[in-house]
Student: 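Here it is, the structure in full.
Sequence lines set the chain letters: A, B, ... in the order given, protein chains first and strands last, and positions in each chain run from 1.
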Protein chains: 2
Amino acid sequence: MSWSKDDRESPRGYHHGNLKEALVRAALELIAQKGPAGFTFAEAARWAGVSPAAPYRHFRDRDQLLASVALRGFNQFEAALARAWDDGLPDVFTALDRLGKAYLGFARAEPAYYSAMFEAGIPLAISPELREASDRAFAVLRAAAEKLCATTPAPNRPPALMVALHIWAMSHGIASLFGRGDAARRALPMSPEELLEAEVLVYLRGLGVAEAKPNGGPSASARNPN
Amino acid sequence: MSWSKDDRESPRGYHHGNLKEALVRAALELIAQKGPAGFTFAEAARWAGVSPAAPYRHFRDRDQLLASVALRGFNQFEAALARAWDDGLPDVFTALDRLGKAYLGFARAEPAYYSAMFEAGIPLAISPELREASDRAFAVLRAAAEKLCATTPAPNRPPALMVALHIWAMSHGIASLFGRGDAARRALPMSPEELLEAEVLVYLRGLGVAEAKPNGGPSASARNPN
DNA sequence: GCTTAATGTAAAAGCTATTTACATGAGCTG
DNA sequence: CAGCTCATGTAAATAGCTTTTACATTAAGC
């Protein structure tokens with residue numbers, strides 16, 4: 001928990017001072033506890049110590065609040081992915097592996113954000129900012145795909161956009177199906193991280209993008225003479 | 001729709017006659033209209049023409065009803081996948097392509113089922129039947145993966161379970177991110193079906209499973225006609 | 001026909017969502 | 001500082017959903 005400074009809930013009078021912020025945090029906490037469905041506007045208000053009507057000064061309705069959560073989520077998601085990708089250093093394959101792990105790590109560490117972003121049924125069109133934030137997050141995947149595709153000779157080079165969408169679908173599929181420790185989903189013969197790494201490696205081999213690293217690693221099992 | 005006989009809603013007296021069935025259908029209709037969240041127990045009851053308390057004679061709560069919907073969904077899903085797979089005839093690759101299209105087709109044609117099955121947050125553990133139905137559906141993917149893996153020489157043969165999980169993740173990822181005509185999600189340079197087909201073909205090539213058909217291989221379907 | 005269990009109703013208590021009229025106080029202006 | 005104004009919060013009221021409890025109705029078997 002980060003009870004640092006800007007959510008002082010104790011010394012307040014008639015006005016909260018930072019209710020919008022407090023509501024977003026309350027929503028996060030409640031979603032994390034009881035799923036995206038099991039969170040109510042009223043309970044968020046109670047959590048922030050205000051009357052049930054107060055939130056309406058800041059959000060038109062529940063969806064608007066969820067959209068705010070999703071917006072913040074996309075921003076943090078983009079930051080996490082960009083940090084992991086790190087412009088493809090020291091090499092594309094190492095960075096791509098970090099990227100995949102960061103994707104799964106985010107879904108696991110921030111299930112509330114991930115739910116709001118992908119599973120709560122909030123249309124991206126609800127606000128331009130939300131779409132832009134989502135686009136920025138995807139742009140990281142897109143950039144990685146570009147750099148990846150650039151390693152292959154032009155004649156056989158696959159379209160980077162398609163590769164980015166494929167990587168996104170693989171990551172999201174694994175995160176969504178197996179990613180959270182729901183204790184409610186299917187048992188796996190390996191961790192989600194290993195599963196995704198293997199999938200991406202096979203996919204890259206299929207693209208004709210060969211891993212150039214001298215490192216044997218987990219990829220050695222999926223490698224073949226070209 | 002199958003408005004054949006056993007849902008006569010008009011001529012009924014005190015007892016409905018088939019309320020459980022009617023509630024499941026009402027839930028499907030409502031979920032399809034307003035998403036998995038925008039469906040209430042009470043409205044399902046109203047839809048079936050009974051009092052708000054009546055559903056409690058058949059379902060402990062909302063989740064139990066959703067689980068019934070999901071159960072039926074998994075059964076239909078399994079049937080659709082099995083029909084598409086058709087034991088891998090006339091050849092594995094043709095059948096696999098049908099399988100992928102059937103997966104996406106189901107998600108698009110039956111969004112209510114798909115939501116209940118994968119996005120409503122119903123734990124599979126809620127009932128043994130639900131898990132078994134889910135397992136049977138996955139078994140179709142698993143069988144396809146087995147047959148696929150059997151086409152490669154044993155020394156390099158990938159684990160079929162892993163391949164099945166990968167195919168599932170790709171399909172679900174694409175269905176979940178781009179599959180429904182939400183008009184709310186991202187614009188694509190190609191249809192979900194083409195996207196999935198291309199992804200699977202690249203993946204298969206990476207596995208070392210070559211498509212033996214005379215249609216030109218993966219690059220042919222990844223082409224961009226624009 | 002009578003009994004019993006299954007199935008449905010009515011009513012009530014306690015939620016949440018949302019609106020409306022009103023209260024408070026922070027910040028600006030002179 | 002005085003006074004104005006607007007953003008922010010409250011109270012109260014309406015309406016709907018959830019769930020339980022006591023009761024009503026009917027189908028089915030003996």
Student: Base contacts versus sugar-phosphate-only contacts with protein, heavy atoms under 4.0 Å: please encode nucleotides 16-21 of chain C as B, S and - from 5' to 3'.
Tutor: SSBB-B
Student: When you measure from the centre of the six-membered ring of A/Phe59, is the NZ or CZ of A/Lys20 under 6.0 Å away and within 45° of the axis?
Tutor: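 Judged by the rule, A/Lys20 and A/Phe59 form a cation-pi pair.
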Student: Does anything in residues 160-169 of chain A form a side-chain hydrogen bond (donor to acceptor under 3.5 Å, both in side chains)? List the pairs, not counting sequence neighbours.
Tutor: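 Qualifying pairs, neighbours excluded: A/Tyr103-A/Trp168, A/His166-A/Tyr203.
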Student: Round to the nearest Å and state the distance from A/Leu19 atom CG to C/dA26 atom P.
Tutor: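 Rounding to the nearest Å, CG of A/Leu19 and P of C/dA26 are 16 Å apart.
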Student: Run the ring-centre check on B/Phe138 versus B/Phe77 and record whether the distance is less than 6.0 Å.
Tutor: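 No, the ring of B/Phe138 stays outside the 6.0 Å limit from the ring of B/Phe77, centre to centre.
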Student: Round to a whole Å and report the spacing from CZ of A/Phe59 to P of D/dT8.
Tutor: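 The distance from CZ of A/Phe59 to P of D/dT8 comes to 11 Å, rounded to the nearest Å.
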Student: In whole Å, what is the span from the CD atom of B/Gln64 to the C1' atom of D/dT19?
Tutor: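 In whole Å, D/dT19 C1' and B/Gln64 CD are 15 Å from each other.
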Student: Respond yes when some side-chain nitrogen or oxygen of A/His58 is under 4.0 Å from OP1 or OP2 of D/dG9, and no when none is.
Tutor: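 For D/dG9, OP1 or OP2 has a side-chain N or O of A/His58 closer than 4.0 Å.
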Student: How far apart are the closest heavy atoms of A/Leu148 and A/Leu96, and which atoms are they?
Tutor: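 Looking at all heavy atoms of both residues, the closest pair is CD2-CD2, 3.9 Å.
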Student: If you draw a 6.0 Å radius around CD in B/Glu146, do more than 12 non-hydrogen atoms from other residues or ligands fall strictly inside?
Tutor: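 Check passes, neighbour count above 12.
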Student: How far apart are the C-alpha atoms of B/Lys34 and B/Glu29, what are their side-chain angles, what is the distance that settles it, and do they pass the side-chain contact (heavy atoms from CB on, under 4.5 Å) test?
Tutor: CA-CA 9 Å; B/Lys34 306 186 292 185; B/Glu29 184 70 22; over 6 Å; no
Student: Quick one: B/Glu21 CD to C/dT7 C1', roughly how many Å, whole number?
Tutor: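 In whole Å, C/dT7 C1' lies 17 Å from B/Glu21 CD.
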Student: Evaluate the ring planes of B/His172 and A/His172, with Trp represented by its six-membered ring, and classify them as parallel (under 30°), tilted (30 to 60°) or perpendicular (over 60°).
Tutor: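 Parallel: the ring planes of B/His172 and A/His172 meet at under 30°.
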Student: Quiz question: by atom type and distance under 3.5 Å, do the side chains of B/Gln76 and B/Tyr113 form a donor-acceptor pair?
Tutor: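 Side chains of B/Gln76 and B/Tyr113: pair found under 3.5 Å.
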Student: Let me check the geometry of the helix from C/dG1-D/dC30 to C/dG30-D/dC1. What is the bend angle between the axes at its two ends, five pairs each, to 10°?
Tutor: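 The two end axes of the helix from C/dG1-D/dC30 to C/dG30-D/dC1 meet at 10°.
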